[in-house]
Amino acid sequence: MALFKRSETSAKGFDWTGFLWLFLFFWYFSGITQLLIQLTGTSGFAGFRQAFVMSAIWLAPMLLFPRQTRVMAALIGVVLWACSMASLGYFFIYQQEFSQSVIFIMFESNVSEAGEYMTQYFAWWMVAAFLAHTAFAYFLWTRLRPVYLPRGQALVAATAILLAVVGYPMIKHTLRAGSLAGGFEKFETRIEPAVPWQMAVAYHRYLDTLASMQAMLDSASKIAPLKNLTDSMANQPATLVLVLGESTNRQRMSLYGYPRQTTPELDKLKDQLAVFDNVITPRPYTIEALQQVLTFADEENPDLYLSTPSVVSMMKQAGYKTFWITNQQTMTKRNTMLTTFSEQADEQVYLNNNRNQNAAQYDGDVIEPFNKALADAAPRKLIVVHLLGTHMSYQYRYPPTFNKFTDRQGVPDGVRDDQVPTYNSYDNAVLYNDFVVSSLIKDFAKSDPNGFLLYLSDHGEDVFDSVGHKTLGRNESKPTAPMYTIPFMAWASPKWRETHDWSFAGDLSRPYSSSQLIHTWADLAGLSFDELDRSKSLVSDSFKPRPLMIGDPYARKQRPLIDFSLMKPKGAAVSPTVVQQ
């Protein structure tokens with residue numbers, strides 16, 4: 001009877017309607033997000049086209065095994081559905097395509113951090129959207145039926161589909177790249193817009209990156225030392241402190257003119273601080289930013305972090321004992337760029353060992369090991385303190401005693417009522433960050449050191465600050481000033497001031513990128529070596545202003561320049577002007 005029905009169907013001709021239902025079902029999971037991207041003008045047509053083509057690959061098994069159509073479609077569909085939920089969810093939040101770079105960041109994050117982001121961005125309307133998305137997928141599945149072809153024709157058709165979707169592009173890219181590896185890399189880029197290849201491509205590249213990280217740990221010790229290094233402080237006791245903040249936008253600090261008193265302790269110390277008000281970060285992500293901040297790499301030479309000394313190794317060469325104290329959560333010590341830097345220090349203190357980052361692991365915990373490092377008998381010390389700062393989710397960054405901002409007073413009019421709690425929690429996180437940073441400065445001063453402390457954040461954060469008050473977090477594809485404007489300040493002890501020029505009044509508003517920090521640090525520390533470029537030192541008479549470049553330096557498109565002159569007057573919440581390089 002089955003044979004009769006199959007032959008009867010074949011005799012009537014090919015079931016194009018059934019075939020189109022099959023294609024629509026598989027295309028839907030990639031297509032719905034790509035369609036939204038097209039309708040909103042978010043991106044070009046290439047992603048839509050590639051997702052359309054890649055969806056056809058699932059037709060091959062349907063033609064070869066028509067009797068199992070519904071079962072196979074259900075199994076494949078569940079995988080596609082799960083991946084499409086992530087893609088669609090990202091679009092709801094950012095109105096952007098869920099790209100390879102986003103998935104890479106997901107793999108570099110830990111589970112608890114990812115959970116924080118989910119909690120921060122969750123909105124109930126998304127539940128309805130996801131349910132509708134799921135219901136329509138189920139409806140499409142109910143419309144599916146077997147599409148029969150004679151066995152030989154089915155084999156030819158399935159082969160043709162695989163050759164068109166996979167074989168021809170792979171061969172073409174391999175010939176153009178001149179190698180199979182190069183061709184496969186190009187092919188990976190081609191299939192990225194379609195689910196579930198996003199995840200597969202990301203995981204493959206993530207494994208490659210992990211291997212590179214491991215190799216970096218081995219190669220870091222083999223980097224050649226700086227040439228002809230001399231130290232004006234040689235053989236003299238000195239303690240230098242570098243405090244790395246996290247996700248802190250200077251526009252939300254009263255020290256920089258913000259109306260709310262979010263930095264009362266630093267405000268009290270203002271006369272003792274050199275507060276630089278025109279410094280930006282090159283990247284809005286921690287690892288990517290610190291690759292440049294802590295090495296000789298910058299936006300024009302992003303790979304130099306692989307072949308030149310870091311701040312830590314530079315100071316070790318100068319004879320300093322080095323400490324790295326971090327409250328950043330570390331799932332493993334060897335698989336991130338941050339660990340590569342921290343492992344170069346003589347001593348490391350990893351404080352945040354909680355499985356769940358949503359825990360009372362506040363930055364105040366760095367104070368005790370910081371004081372212990374200050375008391376270390378070594379006469380010459382570098383202490384790096386890496387804070388969790390004002391990292392999302394903000395309500396977990398401060399204890400209840402710092403829950404000062406709870407209402408709309410001081411909140412811009414354009415911020416919606418449902419955004420106010422997040423807006424306030426960020427200000428409370430800044431308030432607690434003020435307590436921690438000021439405590440480090442005060443404790444440092446109590447130790448009667450001969451040295452200085454420099455504080456800056458790795459990047460900023462847009463928490464409904466920009467025009468329209470819709471942006472939350474960081475998105476390199478849609479840059480806004482709060483993502484890049486960072487606090488940058490220095491404090492020096494009386495002993496240090498006696499023997500060093502610490503008059504920076506004319507330097508405080510110089511346009512500067514933290515990607516050039518190592519030159520400023522070396523200049524402040526009294527170091528000199530062949531690789532030092534004092535025109536890149538913020539405090540040097542030889543300083544030369546440069547364009548402030550932001551963005552992914554590895555992207556093919558031109559990197560944008562950002563005009564932060566619009567940031568004046570202080571405290572104004574504006575978006576930057578972005579122009580092409």
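Keep in mind the model is a prediction, meaning the values are calculated, not measured.
- Side chains of Ser254 and Thr263: a donor on one and an acceptor on the other come within 3.5 Å.
- Listed for the Gln419 side chain is a donor-acceptor partner under 3.5 Å among the backbone atoms of Arg416.
- Nearest heavy-atom pair, Tyr256 versus Asp277, reported as atom, atom and distance to 0.1 Å: CE2-CA, 3.7 Å.
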What's the verdict on ring-ring contact (aromatic ring centres under 6.0 Å, His included) for Trp324 and Tyr350, showing C-alpha distance, side-chain angles and the deciding distance? CA-CA 8 Å; Trp324 189 288; Tyr350 299 100; 8.7 Å; no
For a side chain to side chain contact (heavy atoms under 4.5 Å, CB included) check, start with the C-alpha distance between Leu472 and Val463, then their side-chain angles and the critical distance, and finish with the verdict. CA-CA 5 Å; Leu472 175 61; Val463 186; 3.9 Å; yes
Evaluate side chain to side chain donor-acceptor pair (under 3.5 Å) for Gln344 paired with Ser310, printing each intermediate quantity in order. CA-CA 9 Å; Gln344 294 174 19; Ser310 68; 2.5 Å; yes
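- At a cut-off of 3.5 Å, with distance as the only test, no side-chain donor of Asp298 or Ser515 sits close to an acceptor on the other residue.
- Remark: side-chain polar atoms of Ser425 are paired, donor with acceptor, to backbone N or O of Thr422 under 3.5 angstrom.
- Looking at every heavy atom in both residues, Ser513 comes nearest to Leu548 through N-CD2, 3.9 Å.
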Check step by step if side chain to side chain contact (heavy atoms under 4.5 Å, CB included) holds for Leu351 and Ile325. CA-CA 8 Å; Leu351 293 167; Ile325 303 167; 4.2 Å; yes
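- If you run side-chain contact (heavy atoms from CB on, under 4.5 Å) between Leu456 and each of Leu517, Val279, Thr520, Val243, only Leu517 comes through.
- Annotation: Tyr426 is in aromatic contact with Tyr394 [ring centroid separation under 6.0 Å].
- Among all heavy-atom pairs drawn from Tyr305 and Ala297, the shortest one is N-CB, 3.5 Å.
- Aromatic ring centres of Phe130 and Phe92: separated by under 6.0 Å.
- Within the structure, salt bridge (charged side-chain N to carboxylate O under 4.0 Å, His left out) pairs that include any residue of residues 251-264 comprise Arg252-Asp427, Arg252-Asp465, Arg260-Asp427 (at least two apart or interchain).
- A distance below 6.0 Å separates the ring centres of Phe402 and Tyr432.
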Using the rule given for side chain to side chain contact (heavy atoms under 4.5 Å, CB included), can you reason through Asp552 versus Glu476, listing the C-alpha separation, both sets of side-chain angles and the distance that settles it, and then say yes or no? CA-CA 8 Å; Asp552 183 356; Glu476 196 166 49; 3.8 Å; yes
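- Gln251 and Thr485 are linked by a side-chain donor-acceptor pair at a separation below 3.5 angstrom, with hydrogens and angles left out of the test.
- Remark: side-chain polar atoms of Gln34 are paired, donor with acceptor, to backbone N or O of Phe48 under 3.5 angstrom.
- Here the shortest heavy-atom pairing between Ala345 and Phe323 reads CB-C, 4.1 Å.
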Candidate pair Ser542 and Ser535, rule side chain to side chain donor-acceptor pair (under 3.5 Å), full reasoning: CA-CA 5 Å; Ser542 302; Ser535 73; over 6 Å; no
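- Checked for salt-bridge contact, Arg510 and Asp507 meet the test: a charged N lies under 4.0 Å from a carboxylate O.
- In this view, Phe504 and Trp502 satisfy the ring pair (Phe, Tyr, Trp, His ring centres under 6.0 Å) rule, not counting sequence neighbours.
- The two residues Arg283 and Ala289 come nearest to each other via the heavy atoms O-CB, 3.7 Å.
- Using bins of under 30°, 30° to 60° and over 60° for the plane-to-plane angle, the ring pair His519/Phe296 lands in the perpendicular bin.
- Ser438 and Asp434 form no side-chain donor-acceptor contact under 3.5 Å, judged by distance and modelled atom types alone.
- Listed for the Asp458 side chain is a donor-acceptor partner under 3.5 Å among the backbone atoms of Ser247.
- There is no side-chain donor-acceptor pair under 3.5 Å between Ser457 and Arg250.
- The closest donor-acceptor contact from the side chain of Tyr484 to the backbone of Asn249 lies at 3.5 Å or more, if one exists at all.
- For the atom pair Leu255 CG and Gln261 CD, the distance stands at 11.0 Å (nearest 0.5 Å).
- Taking all atoms of both residues into account, the shortest heavy-atom contact from Arg408 to Pro412 is NH2-O, 3.2 Å.
- Between the side chains of Glu461 and His391, no donor-acceptor pair of N or O atoms lies under 3.5 Å.
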What verdict does the side chain to side chain contact (heavy atoms under 4.5 Å, CB included) test give for Met314 and Ile518, after you've listed the backbone C-alpha separation in whole Å, the side-chain angles of each residue and the deciding distance to 0.1 Å? CA-CA 9 Å; Met314 176 179 73; Ile518 199 167; 4.0 Å; yes
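- When each of Leu454, Leu294, Thr286 is tested with Leu244 by the rule side-chain contact (heavy atoms from CB on, under 4.5 Å), just one qualifies, namely Leu294.
- No close placement of the Phe452 and Trp491 rings is indicated, their centers lying 6.0 Å or farther apart.
- Each of Thr248, Asn428, Asn433, Asp363 was evaluated against Thr390; a single residue qualifies, Thr248, per the side-chain hydrogen bond (donor to acceptor under 3.5 Å, both in side chains) test.
- One N or O on the side chain of Thr308 and one on the backbone of Leu304 form a donor-acceptor pair closer than 3.5 Å.
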